[in-house]
Structures are given as C-alpha cells and as structure tokens.
Amino acid sequence: MAGCIFCDIVDGKIPAKLIHEDHLAVAFHDISPKAPTHLLVIPRQHLSDLDEAKPEQELLLGHLLLVAKEVAAKSELRGGYRVVINRGADGGQSVDHLHVHVLGGRPLAWPPG
Ligand code: DGP
C-alpha cells in the first residue's frame, strides 16, 4: 500500500531492526519503545486494522500470535510479556497497518491508561 510506513518496512524501503521474517509476517523493534523490549509483529499483506480482517484470514491472525510468542521467547522475556493490538483512535492506533505489540522486560501496569 503506497504511503504505508509498515508496507515500506516489509519491502525494505525503510530500515528496521528485524527480529523475525517469514512468508506471512515480519517482526521488528518498535522505534519508540514503551518497555525495555517492544516488538511489532505485522502481516506482509496490508490490512489497515483488526476490523479489516476477514474470516478467511483466520490462519494469518493465528500466525501473528504464534510469531509474537516466538519473538518473545527469542527476547528471553522469562518474566512474562504483554501482547496488544490497538484499533482506532480510542484504541491508540497511530499506524494504519495491523500490528501486534509485544512488550516486556519490566512489570506492566494494568489497566492501561
Ligand atoms: P500504534 O500506536 O498501536 O499504532 O503503534 C504504532 C507503533 O509503531 C508505535 O509504537 C511506533 C511504531 N512506529 C511508527 N513508525 C515506525 C517506524 O518507522 N519504524 C518502527 N520500527 N516503528 C515505528
């Protein structure tokens, strides 16, 4: 999708510190980390947000969670971690390409602000 920062990362046009790549997904370090470890897992395919996902993309959505688990393990987040999808303005979404946050490395407060 033209003008999408995360599509540009998928295409290698914008550099990112990658931690995982496969045929469906890419994971990389967040440019503005909110925890000692803050990773983003995104589908290669452009989906603006979770609401755009269709029933036939069930396997893709499951894959994103499995990648989230893998990159958390790779990052040795033994104390635990949090997986978050922000959707829309009230959800705090700022980039319109579906992404799964993986946060860890410190105790995370609940509920979020
Ligand atoms: P959200 O607010 O849920 O839409 O999260 C978007 C995240 O994307 C935010 O934590 C900052 C991160 N981000 C934005 N632009 C870039 C970028 O160019 N590179 C990387 N690595 N992360 C980015």
Side-chain angles (χ1 to χ4, degrees):
M1 166 82 84
C4 171
I5 298 168
F6 286 178
C7 284
D8 284 349
I9 288 176
V10 168
D11 293 340
K13 292 179 188 158
I14 292 181
K17 197 174 160 199
L18 299 188
I19 183 165
H20 175 95
E21 260 191 297
D22 62 44
H23 66 299
L24 290 175
V26 174
F28 52 90
H29 290 261
D30 194 293
I31 204 168
S32 173
K34 307 299 185 292
T37 298
H38 187 172
L39 308 168
L40 299 172
V41 183
I42 68 171
R44 285 187 179 276
Q45 175 188 354
H46 182 86
L47 286 175
S48 295
D49 57 41
L50 188 59
D51 282 4
E52 217 177 76
K54 301 196 166 46
E56 55 269 29
Q57 286 161 326
E58 189 174 354
L59 283 176
L60 173 63
L61 295 178
H63 184 75
L64 297 178
L65 283 183
L66 289 173
V67 172
K69 177 193 79 164
E70 282 170 27
V71 294
K74 212 183 262 186
S75 303
E76 302 184 343
L77 299 176
R78 294 196 187 88
Y81 58 93
R82 183 170 296 164
V83 173
V84 173
I85 297 176
N86 295 327
R87 193 295 177 200
D90 282 0
Q93 184 176 7
S94 61
V95 176
D96 291 337
H97 181 127
L98 176 64
H99 48 283
V100 178
H101 295 260
V102 179
L103 300 130
R106 66 167 170 83
L108 298 165
W110 190 264

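We count ligands from 1, going down the list as the structure has it; atoms in each ligand are counted the same way.
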Please list, chain by chain and in numerical order, all residues satisfying salt bridge (charged side-chain N to carboxylate O under 4.0 Å, His left out) with Glu21, sequence neighbours excluded. Arg44
Which atom of Pro36 lies closest to which atom of Arg106, heavy atoms considered: CD-CG, 3.6 Å
With sequence neighbours excluded, give me every salt bridge (Lys or Arg N to Asp or Glu O under 4.0 Å) pair touching residues 77-98. Asp49-Arg87, Asp51-Arg87, Glu76-Arg78
Report all N/O contacts between ligand 1 and the protein shorter than 3.5 Å as a table of atom names and distances to 0.1 Å; if there are none, say 'none'.
| unit_1 | atom_1 | unit_2 | atom_2 | d |
| --- | --- | --- | --- | --- |
| ligand 1 | 2 (O) | Gly92 | O | 2.8 |
| ligand 1 | 2 (O) | Ser94 | N | 3.3 |
| ligand 1 | 2 (O) | Ser94 | OG | 3.0 |
| ligand 1 | 3 (O) | Asn86 | ND2 | 2.8 |
| ligand 1 | 3 (O) | His99 | NE2 | 2.9 |
| ligand 1 | 3 (O) | His101 | NE2 | 2.7 |
| ligand 1 | 4 (O) | Ser94 | N | 2.6 |
| ligand 1 | 4 (O) | Ser94 | OG | 3.2 |
| ligand 1 | 4 (O) | Val95 | N | 3.0 |
| ligand 1 | 4 (O) | His99 | NE2 | 2.9 |
| ligand 1 | 5 (O) | His99 | NE2 | 3.0 |
| ligand 1 | 5 (O) | His101 | NE2 | 3.3 |
| ligand 1 | 10 (O) | Asp30 | OD1 | 3.1 |
| ligand 1 | 10 (O) | Asp30 | OD2 | 2.5 |
| ligand 1 | 21 (N) | His29 | O | 2.9 |
| ligand 1 | 21 (N) | Ile31 | N | 3.4 |
| ligand 1 | 22 (N) | Ile31 | N | 3.2 |

Can you give the donor-acceptor pairs under 3.5 Å from side chains of residues 62-74 to other protein atoms, not counting sequence neighbours?
| unit_1 | atom_1 | unit_2 | atom_2 | d |
| --- | --- | --- | --- | --- |
| His63 | NE2 | Asp22 | OD1 | 3.2 |
| His63 | NE2 | Asp22 | OD2 | 2.7 |
| Lys74 | NZ | Ile19 | O | 2.8 |

Quick check on the 6.0 Å ring-centre criterion: do His97 and His99 meet it? no
Classify the ring geometry of His38 against His101: parallel below 30°, tilted from 30° to 60°, perpendicular beyond 60°. tilted
